[in-house]
Amino acid sequence: MAIRKIITPPNPLLRQPSLKVAEVDDTIRQLIRDMFDTMYDAPGIGLAAVQVGEPLAVIVMDTANGEKGEAPRPLALVNPEVVWASEKKATWQEGCLSVPEIYDEVERPAEVRVRYLDENGQEQERHFTGLDAICVQHEIDHTKGILFIDHLSRLKRERYLKKVIKKAQQTAA
Ligand code: NI
């Protein structure tokens, strides 16, 4: 079990597009295990590798609600890519482990189809709906250097960033 440190703004890595993974090997599988450990510990429902300081196109998610007695459904996606998005939009309250204590509503396509490599390097395609669709889009955004607050007005984004950076400085002091 290895819990990694989650980075926050103004760390420039969060703005850097992640590199595609050339081969899903044991190093990548170890990274995926560490990411699950870190995500469940936080706790959160999704995490991108760049958030633990590894700018590689790897994301993990698990939207099961343990409090409602749902069994875990961990999912790891390597080199994920949206290949189809619905016209229909959905608005959800989002948060992010790299933007702690900030929550706001974001509008995104309600359903998406995503192509990716699984933990064995096999190509997969999966249709996402509901919270899963929102979560997978949020995490894919991270692989492009995009944060959920980028979908909000500039005024809100700057206010939230200021708050996060100030809080991090206070914690470090
Ligand atoms: Ni996030």
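In each ligand, atom 1 is the first atom listed, and ligand 1 is the first ligand listed. Numbers for residues simply follow the sequence, beginning at 1.
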(message) Please check this pair: side chain of Ser98 against backbone of Ile7, looking for a donor-acceptor N/O pair closer than 3.5 Å.
(response) yes
(request) Taking Glu139 for its side chain and Val136 for its backbone only, find out whether a donor-acceptor pair lies under 3.5 Å. (result) no
(request) Identify which one of Arg108, His142, Glu105, Gln137 satisfies the side-chain contact (heavy atoms from CB on, under 4.5 Å) criterion when paired with Phe148. (result) Arg108
(message) Applying salt bridge (Lys or Arg N to Asp or Glu O under 4.0 Å) to Asp118 and Arg126, what does each step give before you reach the verdict?
(response) CA-CA 11 Å; Asp118 66 18; Arg126 197 178 174 112; over 6 Å; no
(message) Considering the Ni ion (ligand 1), could you give the total of protein N/O/S atoms lying closer than 2.8 Å?
(response) 3
(request) Check step by step if salt bridge (Lys or Arg N to Asp or Glu O under 4.0 Å) holds for Lys144 and Asp141. (result) CA-CA 5 Å; Lys144 298 175 178 169; Asp141 269 0; 5.4 Å; no
(request) Give me the one residue out of Gln93, Lys156, Arg157 that meets side-chain hydrogen bond (donor to acceptor under 3.5 Å, both in side chains) with Asp104. (result) Lys156
